[in-house]
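Throughout, a chain's letter reflects where its sequence line sits, starting with A, and its residues are numbered from 1.
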Number of protein chains: 4
Amino acid sequence: MLPAVNHRPPFNITRASHVVLNVADLAKSRAFYVDIVGLVVTEEADNICYLRGLSEACHHSLVLVQSSAASTCKRIGFRVFLEEDLDLAYQFFKAEGLPAEWVDVAHQGRTLHVSDPFGTKIELCAQMETRPRLHLERDKYKGAHAQRIDHYQIFAPNAYESCAFYSRLGFRNSEYLSHGEKLIGAFMYRKGTCLDLAIIENDGPCLHHFAYIVPESHDIFTGCDLAGIYGYAHEVERGPGRHGPGGMLFVYLRDPDGHRVELCDGHYQTIDIEIEPVRWDAASLSTNVRWGLPAPSRWYFEASRFEGAELIETPNKPKPQTLESYVQKLSEKN
Amino acid sequence: MLPAVNHRPPFNITRASHVVLNVADLAKSRAFYVDIVGLVVTEEADNICYLRGLSEACHHSLVLVQSSAASTCKRIGFRVFLEEDLDLAYQFFKAEGLPAEWVDVAHQGRTLHVSDPFGTKIELCAQMETRPRLHLERDKYKGAHAQRIDHYQIFAPNAYESCAFYSRLGFRNSEYLSHGEKLIGAFMYRKGTCLDLAIIENDGPCLHHFAYIVPESHDIFTGCDLAGIYGYAHEVERGPGRHGPGGMLFVYLRDPDGHRVELCDGHYQTIDIEIEPVRWDAASLSTNVRWGLPAPSRWYFEASRFEGAELIETPNKPKPQTLESYVQKLSEKN
Amino acid sequence: MLPAVNHRPPFNITRASHVVLNVADLAKSRAFYVDIVGLVVTEEADNICYLRGLSEACHHSLVLVQSSAASTCKRIGFRVFLEEDLDLAYQFFKAEGLPAEWVDVAHQGRTLHVSDPFGTKIELCAQMETRPRLHLERDKYKGAHAQRIDHYQIFAPNAYESCAFYSRLGFRNSEYLSHGEKLIGAFMYRKGTCLDLAIIENDGPCLHHFAYIVPESHDIFTGCDLAGIYGYAHEVERGPGRHGPGGMLFVYLRDPDGHRVELCDGHYQTIDIEIEPVRWDAASLSTNVRWGLPAPSRWYFEASRFEGAELIETPNKPKPQTLESYVQKLSEKN
Amino acid sequence: MLPAVNHRPPFNITRASHVVLNVADLAKSRAFYVDIVGLVVTEEADNICYLRGLSEACHHSLVLVQSSAASTCKRIGFRVFLEEDLDLAYQFFKAEGLPAEWVDVAHQGRTLHVSDPFGTKIELCAQMETRPRLHLERDKYKGAHAQRIDHYQIFAPNAYESCAFYSRLGFRNSEYLSHGEKLIGAFMYRKGTCLDLAIIENDGPCLHHFAYIVPESHDIFTGCDLAGIYGYAHEVERGPGRHGPGGMLFVYLRDPDGHRVELCDGHYQTIDIEIEPVRWDAASLSTNVRWGLPAPSRWYFEASRFEGAELIETPNKPKPQTLESYVQKLSEKN
């Protein structure tokens, strides 16, 4: 039931690399990502702040932009392997009749702005400025010790079509969610782990969350503790818990603008093509958790819009079991 | 507002030591405590199973008894320091007009059955058979690696009076909960950590939970994972989370009979008498958590009865913020 | 000073995948890898045992073969991406005048036996039988919880030439060791982490060690504790410690035949080609550690021969600072 | 073979509480204990700095005093339970003909200076100023996250006599080392864990080390990493490793004056008197480790003198297996 994967894609995307967010209060958002998540500031100016994880050598994996369009996402970024892949990407998107535009972006090499068929705003580049990795400089550790960006989860109004598009670009599914014969969630990767891009059927395009890897399970508790200390106790939105698909430990936090960031521990290795994607059968979108409470409704339905992208309603609204419906049922039993 | 502590108590209780539970299906309960909690079986017979934590040298800290009175607790046990403390305890309880009876209990030295003024069933002894500690035998580790029993939480219809009684026995408060001038929760210890006995005002006497210490924070996740694997995903009742009072990491599990066991990491040291107990002001019983969701209603109101003890209703029913009321409020906001 | 990397290599090796070892006592070696390292047995027969890490879906990453040539290594395995890569590999090795032979290997797809210019025995395949990943089945966890094979370290009589050969196959250096202008160690990868193949200049070809990833730092202690319990206390050869290059936490164990296995935690992500390899200047082979004692002499000089490969002496014997020379110097100071 | 324990001692010592060290460079020592060990500064003045662990409520557990007598220890401190215990202690030491003097010490209640029969300099008090515990203020965490002082190890020229003296004060052995019938090491406690005071037979009185508890095993690695970063890589003197007696994970660091501090994880609970102390048979002082290398000679023979105390040579010099002799033997085998 999954679309065919192109193992010789038209250009070589290697990984999820950076996300650019509009924020209302730059200082506040910067503090959130430094003090709680544990990112380090590579560089900053009046209206922009570039951050990276402790083990990242590239200039930024998170860019915060002071903006009146706060709580929207400007772009999610992917890296391509070689400069020539950028040119091949340009040709591909043009041939598809999709937006593709060369732009100048500070601290990056040649950069291409493109959109997928549902309007998800994407930025591709083959090079960034580099900085020393800091993962061994324990004296610089703060927050939850986030090491590197891992993946995005987006909403697409048609999960199958979105999955089919990325499959043509060489993305493969590690796991997927289906409702009967209908695909409602695709967990796709390029870099040899479970995930670079998760696609969930819902009104979109939206950025549901982006995720950073933390080194060990105790760092997830540390992130929660610091969220509590810095005034974000109620923004520990979901977890800590253990995912159904993928099986990582996770916690989801909402930042000052409501953007959602996941902290998770590492996951298994994919790479080999003979391994079948894991199928999860869902009566609905309710991603099974291994134990504990379901996610609250806002986790399922709230997401960051992409700046300038039109929202397309899905005809198949998700009907997950939420914390609210679970608690309602509990009350009725008693 | 706390009752006076007797620093030279009439007899010397040293620690919370063992709990005796009635269970409906001995094999099932045994599997729960071995495979999920990680206790080891010291000895077992047809209708009884004795378990201890990995670092415990005493014969048992948990006794499971097959019984038609399942889901009740027979006794909570405390150790006294010397044999003579048992005799002094007998005199004390007799003088108070409280039950006190010498009994024979297998694998224990002389044993005294007593009740506190609200009928909480208590067992005192000064000696047990011993077994080698197993905490260094990693090849025997299972479950969440529970090391040793730590404390009990009981319901008492009047928290102040209960706290006053145990204060006369030398128990001190590490922390306490009050509603204005009214004491509604007392976190009391003898052994130099935060807790041997927590007392919460509610219909009682009841055993709300007993707690085992796990070595590290990741063991709490392991406990949850195993609960999920062995069919107790919905019995991960509360957490993982970080306590307000005490500040430990915790998770609460319900066993096959609904008895509640807490897994928590270690806590701070008390001992010195000049340190003031920490006061927590609560509009009600709602124990603050540092982050995450409030406990569900059943965590607040369900508890194991003591076998043969009459339930006394408290005139001051707790009105905590529960998961249910929190979610209700969330829904109303939207 | 590093050889040029071919970013469009003649065929696509994706990762280090499996190692085949000769052992004297199959039952004893099996127990070592199951009880201490934590591998799971996928399948076994009279003279052979196939094992994999907890998160691996491929049939085996370690194959133990009962053999009179114990303490030698049969082959180290690499995966190629597509079946066609095998054919391209065959052509490449033939064109180089290097051994290349099609063989039948149980549980694998078409398999190619090749040797590098120094005689390192390599096995390539594009497919294996698969099995369910077990990383979420906590009830099956044993030993140090090894998740997956990560890399090999080999001895080559000329590190530069060996590095140059693998660079032509698309391997890149994450870090490297040099003595002045002379390359003496190359840490090379294909899969987007630090390492698939480390090459150290010494008499070779030899397998110095193979490494498994463990999930968290405490698992390294667990591996040591179990080594102690099962009679291998003196085979905790080096560590636990923190690597200079790569910066992982590590411990090295010697198995019953003297084969060396490393347990290490995860490492940073590579992938992007603009990031310069990290240079380590060594007066000799003495890999710097971040703290603690140098490795003992046997760690530097003992390694498993490849069965049937002739040993070539290097003219540039390493002269590392060893534990022995360090202790000697300490004694002289006093 | 152990001396009799007085279960009703003449006065009630409750725990090891604080150590006072002379240091050559106050700023440098302060940085060591803050940045590497993770202690917090409660208060400081020109020539003195008071520090405590993150979960400690008492004003200080480590006092650093700028002094020309650097690398000596002024006093090790014990707490007594009640004020009256101080008076009883005064009477006891006077009756024994041992030094006992009332002194004024800042931030402490009434304070008594005493010496044991071998001249170990001890400070007793029943009260200290208090400060809020900081263990939940994750934003203040540094270094290895040391939570609280745990124990001292001292050298005494006659271990049996020293052990007998402390046994009269109610100290009990959790474990002990003997050479045939001769006691050479006593691991003694008051507070219900393994240790408050370890006594090793060697030239004394000397302070071999004092120990702080860190919360989890990964904190031990963090301490080592930070030691490396701040220039103390060679002062990671022993470990990380797993103790024979007690079984804790440990690492020993030497501070700028050569004072030795141990970081260890928590240990098992003692308290109950029917549990027999664990006997370790040693051909000599060579404390067995569970795995890994023996301690270097300097760990066995170097220790901080007590300021103003005369050194008494033991007639029974320890002859442990050291790293040096182990390596020597390794070399001879090859």
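- At a 4.5 Å heavy-atom cutoff, A:Tyr141 makes no contact with chain D through either its backbone or its side chain.
- Between the CG atom in A:Asp139 and the CG atom in D:Leu226 there is a gap of 6.5 Å [rounded to 0.5 Å].
- Atom-to-atom distance recorded for D:Glu216:CD and A:His218:NE2 is 6.5 Å, nearest 0.5 angstrom.
- In this structure, the separation between CD on A:Glu137 and CG on D:Asp225 is 11.5 Å, given to the nearest 0.5 Å.
- Of all heavy-atom pairs spanning D:Ile229 and A:Arg138, the tightest one is CD1-N, 3.3 Å.
- Proximity to chain D is limited to the backbone of A:Leu136, based on heavy atoms less than 4.5 angstrom apart.
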